2 protein chains.
Amino acid sequence: MVKITDVARRAGVSPSTVSYALSRKRPISEETRQRVEAAVRELGYRPHAGARALGGSRSNVLALVVPLRAGIDVPVVMRFAVSVVTAARGHDHDVLLLTQEEGEEGLRRVADTALVDALILMDVQLRDPRLPLLRSLGRPSVMIGFPSEATGLTCIDLDFRAAGEACVEHLAGLGHRVVALVGSPPEVYVRGTAFAQRVVQGFTGAADRAGLASAVHPCEATPAAARRVAERLLREQPALTGVVVHNEAVLEPLVDAFARLGLRVPGDLSITAICPDALAEGLRVPVTSIALPAAEVGARAVELLMRKLAGEEVPEATLLPPRLTRRASTGPRTLA
Amino acid sequence: MVKITDVARRAGVSPSTVSYALSRKRPISEETRQRVEAAVRELGYRPHAGARALGGSRSNVLALVVPLRAGIDVPVVMRFAVSVVTAARGHDHDVLLLTQEEGEEGLRRVADTALVDALILMDVQLRDPRLPLLRSLGRPSVMIGFPSEATGLTCIDLDFRAAGEACVEHLAGLGHRVVALVGSPPEVYVRGTAFAQRVVQGFTGAADRAGLASAVHPCEATPAAARRVAERLLREQPALTGVVVHNEAVLEPLVDAFARLGLRVPGDLSITAICPDALAEGLRVPVTSIALPAAEVGARAVELLMRKLAGEEVPEATLLPPRLTRRASTGPRTLA
DNA sequence: TTCGCCCGTCGAAGCGCTTCGACATCGGGC
DNA sequence: GCCCGATGTCGAAGCGCTTCGACGGGCGAA
């Protein structure tokens with residue numbers, strides 16, 4: 001193994017100079033640095049990760065905790081993971097993969113052994129048991145998703161309020177005047193899930209600003225509930241022509257229910273959703289939708305972590321702008 | 001941070017004794033060990049990973065290289081990854097996630113910096129450019145999948161020959177006397193892909209042993225090709241009642257083609273496949289199939305690596321027994 | 001000219017752990 | 001009763017890197 005002293009000898013300098021030349025933590029003359037870099041190249045020098053971590057108290061490794069739970073969209077998780085790894089490499093860091101299963105003990109372990117410098121958590125729960133731990137870990141962390149109470153921590157996610165707004169604005173732009181939001185199950189709002197409420201706020205606010213008539217309907221995650229909501233919508237808002245769905249589980253049954261009620265999409269009814277692209281694309285009528293920008297979230301999460309590692313202050317909450325993908329389910333209001 | 005000297009002081013022994021007590025690399029009296037362990041618990045001691053790696057020249061980290069390429073079945077990859085992480089944790093190791101994108105340079109980097117002790121590669125190509133690198137890396141590695149030439153390396157995968165056999169035996173057991181294999185595209189056989197040829201060998205051998213009439217049909221990965229193969233099968237083997245499909249891309253079109261030709265499954269034709277469970281389950285007629293046992297492959301890969309790290313010799317090739325899942329697509333031969 | 005300063009470099013002291021050799025103690029075999 | 005080999009423990013020497021303090025030389029200011 002070639003070590004720093006070998007490089008030093010070859011370049012005719014001391015080991016500390018080599019270290020400084022490579023880390024640029026102290027001024028080194030251009031000429032000396034050139035010689036050092038040449039020696040590094042010629043010898044194929046690679047600093048020993050363990051030694052570096054021990055000496056410099058930085059391992060240059062991030063922990064990424066991925067969820068396993070049922071109901072998780074695996075391809076989305078994978079996209080997060082890949083974007084995190086790629087972004088981390090861009091900052092000269094590697095990524096250690098932890099499974100949710102390892103739980104708090106796993107987090108504590110990798111943090112306490114200084115195996116990692118910082119952590120990224122995915123699939124954060126509203127009342128996530130790991131929050132107090134994160135606060136006391138003594139290492140920077142970023143959560144992908146928003147728990148109900150995250151003071152002192154850092155979160156990043158899609159801006160669900162803007163997503164709600166974007167859906168409404170899209171419909172308004174197509175001429176729709178009466179819209180409805182089919183939302184999450186009632187208990188989600190009761191628990192105060194941040195992202196669900198944000199959607200409602202965005203939806204309602206945008207509808208008001210655009211002068212649309214609007215209504216919000218929470219909906220259980222069952223096909224039967226979807227059917228009931230569909231019927232109720234038509235009864236209570238006979239002039240309804242635009243629907244926003246923020247409830248993955250009922251999107252398909254809801255579309256079916258509308259069809260069974262004799263409504264054509266988008267002829268009679270335009271539908272937009274906030275859901276994974278795969279779901280929106282796979283339906284009989286592909287649905288105009290806003291998806292979670294996994295790649296961007298991952299990259300930004302890493303960036304936040306790097307800034308925290310550098311001692312910078314970062315915002316507690318980062319919200320990413322939604323992007324709406326037009327598909328077959330939305331069209332201009334037809335004046336029947 | 002609590003360090004080994006703190007533990008030593010508390011337990012009233014020297015640091016080296018603590019080290020030996022914990023690693024059990026030298027005999028330590030039961031009583032002393034108890035005291036050391038108590039001190040560890042009371043102080044919440046965690047050995048510093050970097051120091052450990054530096055002192056002991058073992059980082060206790062494995063690298064896992066996951067594929068990104070198009071056409072990759074992401075959930076399957078994820079299942080591999082999770083099983084590798086879980087198995088690694090069972091051996092007190094962590095897992096560093098590398099993306100295929102990083103390429104050979106990434107492998108060299110994590111190996112040369114001693115960030116990892118050993119490597120696991122997924123999605124191995126037949127003539128994988130990384131093979132010579134693996135041989136020269138000076139660290140143990142295991143490949144999931146078989147390249148065409150892997151002397152001196154270690155591979156593990158599903159036993160595709162046995163999978164071919166199992167399909168035939170299942171059909172033979174149901175009374176079928178004339179069977180066909182719809183295989184991979186011709187060029188796959190031309191290139192000598194190990195796993196494709198193994199399936200053919202297993203299929204043919206088992207058919208011969210069972211006294212069945214059999215034929216093998218390579219098939220391009222297009223719906224049109226699937227239709228052509230379906231027609232040809234019926235023309236050339238009029239008495240055909242059993243089909244084995246080893247070509248994910250054409251399974252669905254092939255089933256459709258048979259339906260369009262007026263054959264009912266499994267009434268007229270029994271079909272088995274070697275493909276991911278999700279695909280087999282998702283078809284109109286769920287297909288009896290043999291899937292890649294991702295969890296087991298991952299766990300075994302880690303085990304092989306651990307044995308190599310321990311200096312043991314391990315077999316170059318490990319083949320896992322296939323397991324056939326019965327679904328609706330196979331039934332007894334009906335004597336029309 | 002001299003003082004003080006900054007630039008560029010060096011030497012040495014760790015970082016926290018493992019491991020090697022040494023040493024003391026204790027039995028058992030002759 | 002003595003020697004020898006286990007057995008159990010200790011001290012010290014690294015592992016390869018970073019970093020701190022120091023130092024010499026050059027330069028601008030006084």
Side-chain angles (χ1 to χ4, degrees), chain A residues 1-37 39-40 43-61 92 109-117 138 309, chain B residues 1-37 39-40 43-61 92 109-117 138 309:
Chain A
M1 182 192 195
V2 28
K3 39 190 155 188
I4 201 171
T5 52
D6 301 326
V7 175
R9 199 174 316 119
R10 175 110 180 190
V13 297
S14 77
S16 57
T17 299
V18 173
S19 180
Y20 286 125
L22 296 178
S23 72
R24 314 198 165 206
K25 291 193 177 170
R26 276 197 188 180
I28 293 290
S29 72
E30 186 53 28
E31 188 233 324
T32 303
R33 186 182 18 258
Q34 298 288 347
R35 253 184 310 133
V36 168
E37 280 168 2
V40 165
L43 267 37
Y45 168 66
R46 303 274 202 176
H48 184 288
R52 224 227 273 256
L54 182 55
S57 60
R58 274 294 176 80
S59 68
N60 277 33
V61 175
D92 191 31
R109 182 174 54 81
V110 296
D112 287 355
T113 59
L115 223 195
V116 307
D117 295 333
L309 280 171
Chain B
M1 182 191 196
V2 28
K3 39 190 156 188
I4 202 170
T5 50
D6 301 326
V7 175
R9 199 174 318 119
R10 175 112 180 186
V13 297
S14 77
S16 57
T17 299
V18 173
S19 180
Y20 286 125
L22 295 178
S23 71
R24 310 189 169 215
K25 291 192 178 169
R26 276 198 187 177
I28 294 290
S29 72
E30 186 52 29
E31 190 232 322
T32 304
R33 188 185 12 258
Q34 299 287 348
R35 253 183 311 134
V36 169
E37 281 169 1
V40 165
L43 266 37
Y45 168 68
R46 303 276 201 173
H48 184 288
R52 225 225 280 245
L54 182 55
S57 60
R58 273 291 176 81
S59 68
N60 277 35
V61 175
D92 191 33
R109 183 174 53 80
V110 295
D112 287 355
T113 60
L115 223 195
V116 307
D117 295 334
L309 280 171

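In what follows, every chain begins at residue 1, and chains take the letters A, B, ... in the order their sequences are listed. No experiment lies behind these values; they were computed from the predicted model shown.
Residues passing the side chain to side chain donor-acceptor pair (under 3.5 Å) test with B:Ser19, sequence neighbours excluded: none. When the side chain to side chain donor-acceptor pair (under 3.5 Å) test is applied to A:Thr113, no partner is found at least two apart in sequence or on another chain. Partners of B:Asp112 under the side chain to side chain donor-acceptor pair (under 3.5 Å) rule, at least two apart in sequence or in another chain, do not exist in this structure. Listed by chain and number, the residues in a salt bridge (Lys or Arg N to Asp or Glu O under 4.0 Å) with B:Arg109 are A:Asp94, B:Glu102 (sequence neighbours excluded). With sequence neighbours excluded, the residues satisfying side chain to side chain donor-acceptor pair (under 3.5 Å) with B:Thr32 are B:Ser29.
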Q: Mind running side-chain contact (heavy atoms from CB on, under 4.5 Å) on B:Arg33 and B:Glu30 for me, showing each step along the way?
A: CA-CA 5 Å; B:Arg33 188 185 12 258; B:Glu30 186 52 29; 3.0 Å; yes
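Within the 4.5 Å cutoff, no side-chain heavy atoms of A:Ile28 are placed close to those of A:Val13.
Among the atoms of the strands shown, base atoms are found under 4.0 Å from some heavy atom of A:Pro27.
Minimum heavy-atom separation, A:Val2 to A:Tyr45: O-CD1, 3.4 Å. For the pair B:Ala8 and B:Pro15, the tightest heavy-atom approach, listed with the atom from each and the gap, is CB-N, 3.6 Å.
In this model, a side-chain donor or acceptor of B:Arg26 finds a partner on the base of C:dG21 within 3.5 Å.
Between A:Arg9 atom CZ and C:dC10 atom C1' the separation is 16 Å, expressed in whole Å.
Screening residues 15-26 of chain B for salt bridge (Lys or Arg N to Asp or Glu O under 4.0 Å) gives B:Arg24-B:Glu37 as the qualifying pairs, with residues at least two apart or on separate chains. Pairs passing the salt bridge (Lys or Arg N to Asp or Glu O under 4.0 Å) check and including a residue from residues 3-12 of chain A, sequence neighbours excluded, read A:Asp6-A:Arg9, A:Arg10-A:Glu42.
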Show every donor-acceptor pair shorter than 3.5 Å between a side-chain atom in residues 46-57 of chain B and any protein atom, with sequence neighbours excluded, or say none if there are none.
unit_1: B:Arg46; atom_1: NH1; unit_2: A:Glu105; atom_2: OE2; d: 3.4
unit_1: B:Arg46; atom_1: NH2; unit_2: A:Glu105; atom_2: OE1; d: 3.4
unit_1: B:Arg46; atom_1: NH2; unit_2: A:Glu105; atom_2: OE2; d: 3.2
unit_1: B:His48; atom_1: ND1; unit_2: B:Gly50; atom_2: N; d: 3.0
unit_1: B:His48; atom_1: ND1; unit_2: B:Ala51; atom_2: N; d: 3.0

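The distance from the CG atom of A:Asn60 to the CG atom of A:Leu309 is 9.0 Å, given to the nearest 0.5 Å.
Of the residues in residues 49-60 of chain A, A:Leu54, A:Gly55 come within less than 4.0 Å of DNA chain C through at least one heavy atom, sorted by number. Of the residues in residues 15-23 of chain B, B:Ser16, B:Thr17, B:Tyr20 come within less than 4.0 Å of DNA chain D through at least one heavy atom, sorted by number.
The rotation axes computed at either terminus of the helix from C:dT1-D:dA30 to C:dC30-D:dG1 lie 40° apart, taking five pairs at each end and rounding to 10 degrees.
The outermost nucleotides of DNA chain D lying under 4.0 Å from heavy atoms of chain A, listed 5' to 3', are D:dG16 to D:dA22.
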